[in-house]
Amino acid sequence: MSAAIPHPVQIETIEDSDTIRMWRHRGRSRRLVVCFSGLGPKGQLPKVEFAQVASREGLDSAIFVADPQRTWLNTPGFLDTVVKHVTYSAYEMRATEVVAIGSSMGGFSAMALASCYPLKAAVAFAPQFSVHPAFAPEEDRWLDYRAQIQRYRVRSLARRLVAQTQFYAFHGDSPEEEMQCDLFPIRPNLHHFVVPDSDETLAYKLRRSGALAPLVADCFGLATGRVA
């Protein structure tokens, strides 16, 4: 899902520091998509993800967000910076709807954003409900990244799944995925799916099969029946 530049989706850099990386694509529609990158390969800076799928091959405007510190939105000022740029871009383009998407840590971030900015929908592949030891004591992945989080601003998604947003969460059935999947509450606006024979790489698997783009389009369009 990492974007190679140049590609048909024209992207400009709007933030690039040790604590946050952000890019923007200016589309032609009135939809703004906020795309959060996942952890990415260790030792490398996280890059743009979901460029083609999220923007509908460039039709929709998009803001791409990456966290070089891998803190699940807990780097000081990170979430405020994201909200600032989303608010400005939505106003500038007169957006009629704002949606979000991400995978793994990016999926967690996409869902959490709804509590800070009004989203029509948030789509998350293999999202964590939490990496805080009090909420997910069995989670033993990414311990080096998590050890660097000095203070949790976003401890879990418990209070982040706001009623005005439709959430679509997709998990695999691996033991690690099942552990996080089971932490999610049952909510009428949370549409939760488990995909057999899948793990944290679910989004990549869907992309390879050609199912990712139509699935995301149906989620953004709130076509829950077709999603199922």
Side-chain angles (χ1 to χ4, degrees), residues 1 25 27 29-38 49-57 59-65 72-73 79 82-83 85-87 89-91 93-130 135 154-172 177 180-195 198 200 202-203 205-207 211-228:
M1 287 180 295
H25 164 72
S29 78
R30 301 282 288 276
R31 173 189 286 170
L32 175 63
V33 186
V34 187
C35 308
F36 288 91
S37 297
E49 293 185 2
F50 292 105
Q52 308 289 341
V53 170
S55 68
R56 286 192 291 176
E57 303 293 334
L59 176 63
D60 296 333
S61 294
I63 289 179
F64 303 95
V65 185
W72 284 264
L73 298 177
L79 189 53
V82 173
V83 172
H85 281 293
V86 172
T87 302
S89 294
Y91 174 79
M93 64 176 285
R94 298 181 181 179
T96 56
E97 61 182 60
V98 180
V99 295
I101 186 173
S103 178
S104 188
M105 182 182 71
F108 171 90
S109 302
M111 299 180 85
L113 179 64
S115 64
C116 303
Y117 188 91
L119 300 178
K120 173 185 175 183
V123 183
F125 298 96
Q128 293 79 49
F129 178 78
S130 175
F135 289 87
V154 184
R155 293 160 58 92
S156 77
L157 295 177
R159 298 182 179 180
R160 304 285 173 171
L161 304 177
V162 295
Q164 64 265 32
T165 300
Q166 295 297 309
F167 297 95
Y168 294 87
F170 301 88
H171 280 99
E177 284 289 281
Q180 286 286 347
C181 180
D182 290 344
L183 296 175
F184 279 78
I186 297 174
R187 301 274 177 84
N189 62 321
L190 172 57
H191 312 287
H192 208 164
F193 303 92
V194 176
V195 181
S198 299
E200 192 187 355
L202 173 59
K205 178 179 179 180
L206 291 169
R207 188 187 68 171
L212 184 62
L215 178 63
V216 171
D218 284 340
C219 291
F220 287 166
L222 308 187
T224 306
R226 286 205 298 270
V227 171

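Side-chain atoms are counted along with the backbone in the values below, which use heavy atoms only and exclude waters and symmetry mates. If you read the sequence from its start, that first residue is 1, and numbering goes on from there.
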Side-chain contact test, heavy atoms from C-beta onward, threshold under 4.5 Å: evaluate it for D60 versus F220 and give yes or no. no
Any side-chain heavy-atom pair from R56 and V33 closer than 4.5 angstrom? no
Taking every heavy atom of P127 against every heavy atom of G107, the minimum-distance pair comes out as CB-C, 3.8 Å
In short, salt bridge (charged side-chain N to carboxylate O under 4.0 Å, His left out) pairs touching residues 215-228 with sequence neighbours left out are D218-R226
If I compare all heavy atoms of A90 with all of L32, which pair ends up nearest, and what's the gap? N-CD2, 3.8 Å
Pairing residues for V53 by the side-chain contact (heavy atoms from CB on, under 4.5 Å) criterion, not counting sequence neighbours: L212, A213, V216
When you measure from the side chain of N189 to the backbone of V162, do you find a donor-acceptor pair of N or O atoms at a distance under 3.5 Å? yes
For a quick test of reading the model, state the closest non-hydrogen atom pair linking F36 to V82 and the distance between them. CZ-CG1, 4.0 Å
Flag the pair W72 / V154 as yes when at least one side-chain heavy-atom distance between them is below 4.5 Å, and no otherwise. no
Can you tell me how far CD of Q166 sits from CG of L190, rounded to the nearest 0.5 angstrom? 9.5 Å
Are any of the side-chain heavy atoms of Q128 and M105 separated by less than 4.5 Å? yes
I'd like to know if the side chain of E177 and the backbone of S198 have a donor-acceptor N/O pair within less than 3.5 Å. no
Side-chain contact, heavy-atom cut-off 4.5 Å: S109 with V65? no
Between R31 and E97, what is the shortest heavy-atom contact and its length? NE-OE2, 2.6 Å
Of all heavy-atom pairs linking F135 and S130, the shortest is CB-OG, 3.4 Å
Donor-acceptor contact present, side-chain T165 to main-chain L119, <3.5 Å: yes
Please name all residues satisfying ring pair (Phe, Tyr, Trp, His ring centres under 6.0 Å) with F184, sequence neighbours left out, ordered by chain then number. F129, H171, H192
Given L215, which of Y168, F193, F125 fulfils the side chain to side chain contact (heavy atoms under 4.5 Å, CB included) condition? F125
Does the side chain of V83 come within less than 4.5 Å of L113's, by heavy atoms? yes
Under 4.5 Å between any side-chain heavy atoms of M111 and R160, yes or no? no
Measure the CG-CZ distance between L202 and F170 for me, rounded to the nearest 0.5 Å. 8.0 Å
Atom CZ in R30, atom CE in M93: separation rounded to 0.5 Å? 7.5 Å
Shortest non-hydrogen pair, A112 vs L73, comes out as CB-CD1, 3.5 Å
Roughly how far apart are Q180 CD and F108 CZ, rounded to 0.5 Å? 9.5 Å
Given side chains that start at C-beta, do those of V99 and V123 come closer than 4.5 Å, heavy atoms only? no
